[in-house]
Protein chains: 2
Amino acid sequence: MDAEPLGVPEEAAVGARLKRMRQVFGLTQRELARRAGVTNGAISLIEQGRVSPSISSLKKILDGIPMSLAEFFTIDLAASEDVFFRADDLTEIAFEARISFRMVGHPLKERALQMLHETYRSGADTGEAMLRHDGEEAGIVVRGRLLVTVGDQEQALGAGDAYYFKSRIPHRFRNPFDELCEVISANSPPSF
Amino acid sequence: MDAEPLGVPEEAAVGARLKRMRQVFGLTQRELARRAGVTNGAISLIEQGRVSPSISSLKKILDGIPMSLAEFFTIDLAASEDVFFRADDLTEIAFEARISFRMVGHPLKERALQMLHETYRSGADTGEAMLRHDGEEAGIVVRGRLLVTVGDQEQALGAGDAYYFKSRIPHRFRNPFDELCEVISANSPPSF
DNA sequence: AGAAGGTGTTGATTATTCTAAACGGTATCC
DNA sequence: GGATACCGTTTAGAATAATCAACACCTTCT
């Protein structure tokens, strides 16, 4: 009706959505247009909300990403909010004086994965009583050295070294060295 | 490109999908068109797959149902298959000579709900050892009378009477009367 | 500075979709 | 039997979307 579709939220939403998806996949309008077999102009118009694409052309474009129509309309953009967390924003998990665990992501949210930024000061030890819990965990040493014990294996890991094991296997982390050690770890499902 | 979009599955799929949705909601093309503020012709063309509607018009049409674009593209039409089950098709769950449990739906399919058509002949009893399991259950007596025990409460229910309780509470069903008793029950999540 | 190659955006034309109004078919009512 | 009231379908023309080609802008390179 109107020349300017101001009051129509869905068009703009589709455009914004497409732009978001395209950017998430690291594509330019032209690159996506080439892959999809449409013109870059069409994508520009759609993203600006100046036209409402037909299902067929939207599908054609999404095929170039690639992404299904169902995905396109279903994926919750808000859910991918808070992708970045500043170091200061990480939630501290008290453990022991010499150990600091700082969690990536919101504490309360239901998640399939948990990531921790761990700091082991000299002399830190998760305890003689080995840790055991469900899931699997992995980590990479960022700075300093860490003595990792998993089952009957024990290794001193330096910066860049990593571990991966099933958390049911008794494990322990120690820093018997005199320099501070930082580790980035992840476990799934979350067990803290 | 072609006048006849034979090789394009998606358009036809959208048309068929729309037709299905419209029919499921018991609407005629004209009625839906009236609600959506489009012409019945447009709906006809779309359903035949002769055009690929724009997002804006598809949304307008779906608003008339009403249904979101996400729903429209997500809902699995095949999943709503086998909606009706003849009495003879209900799967019998052997229990006791005087008790018959006949399940609605396919035994193997993952479901959030289970419905049973239960028959308690005179003297039937689910057992002195009370039943306990996860979930919640409800039922309505269709015929005869049933003595229902839930925790420390006990009631004789007649036709039309019903119950609802958390299945963790010990429960028992008995028919000490001399007429046959039929009950329709449901429990979620399925526990048989 | 200027050329080259990238980005997204914009008119004029072509192609497609939507509307409006008709058509044929079927069931119901009188 | 004919009028009425639905149904879905179809066609000509108005409205909208997509293309093509140019445009303005920004980096990078020489």
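A, B, ... follow the sequence lines: proteins, then strands. Residue 1 opens every chain. Nothing here was measured: the structure is a model prediction, and the numbers come from that model.
- In this structure, CD1 of B:Ile46 is placed 14 Å from C1' of D:dG8, rounded to the nearest angstrom.
- Between the CG atom of B:Leu58 and the C1' atom of C:dT17 there is a distance of 13 Å, given to the nearest Å.
- To the nearest 0.5 Å, atom CG of residue A:Asp125 and atom CG of residue A:Leu147 are 9.0 Å apart.
- Of all the heavy atoms in B:Arg22 and B:Leu27, the pair that sits closest is NH1-O, 2.8 Å.
- Closest non-hydrogen pair, B:Met21 versus B:Ile65, comes out as CB-CD1, 4.1 Å.
- The side chain of A:Val51 has D:dA18 as its nearest neighbour among D:dA18, C:dT17, D:dG8.
- Classification of the A:Tyr120-A:Phe101 ring pair by plane angle, with boundaries at 30° and 60°, yields perpendicular.
- Taking a 4.0 Å limit (strictly below) on heavy-atom distances, residues 30-43 of chain A reaches DNA chain D at A:Arg30, A:Val38, A:Thr39, A:Ala42.
- Comparing C:dT10, D:dT11, D:dG8 against the side chain of B:Ser44 picks out D:dG8 as the nearest.
- Rounding to whole angstrom units, CG of residue A:Leu45 and P of C:dA12 are separated by 14 Å.
- Residue B:Thr28 is in sugar-phosphate contact alone, with no base atom involved, counting any heavy-atom pair closer than 4.0 Å across all strands shown.
- In terms of position on DNA chain D, the residue among A:Ser57 and B:Arg22 whose nearest nucleotide sits closer to the 5' end is B:Arg22.
- Rounded to an integer number of Å, the gap from A:Glu47 CD to C:dT9 P is 7 Å.
- Rounded to whole Å, the distance from NZ on B:Lys19 to C1' on D:dT9 is 11 Å.
- B:Ser54 comes within 4.0 angstrom of sugar-phosphate atoms only, judged by non-hydrogen atoms across all strands, and of no base.
- Residue B:Ala124 comes nearest to B:Arg98 through the heavy atom pair CB-O, 3.6 Å, listed as atom of the first residue, atom of the second, then distance.
- Between A:Gln29 and C:dG6, a side-chain N or O to OP1/OP2 separation shorter than 4.0 Å is absent.
- One atom, CD of A:Gln23, and another, P of C:dT7, lie 13 Å apart when rounded to the nearest Å.
- Nucleotide C:dT10 holds its P atom 5 Å from the CD atom of A:Gln48, rounded to whole Å.
- A sub-4.0 Å separation between OP1 or OP2 of D:dT10 and a side-chain N or O of B:Arg50 is present.
- A:Leu180 and A:Arg143 get closest at one heavy-atom pair: CD2-NH2, 3.1 Å.
- The shortest heavy-atom contact between B:Ile61 and B:Leu32 is O-CD1, 3.6 Å.
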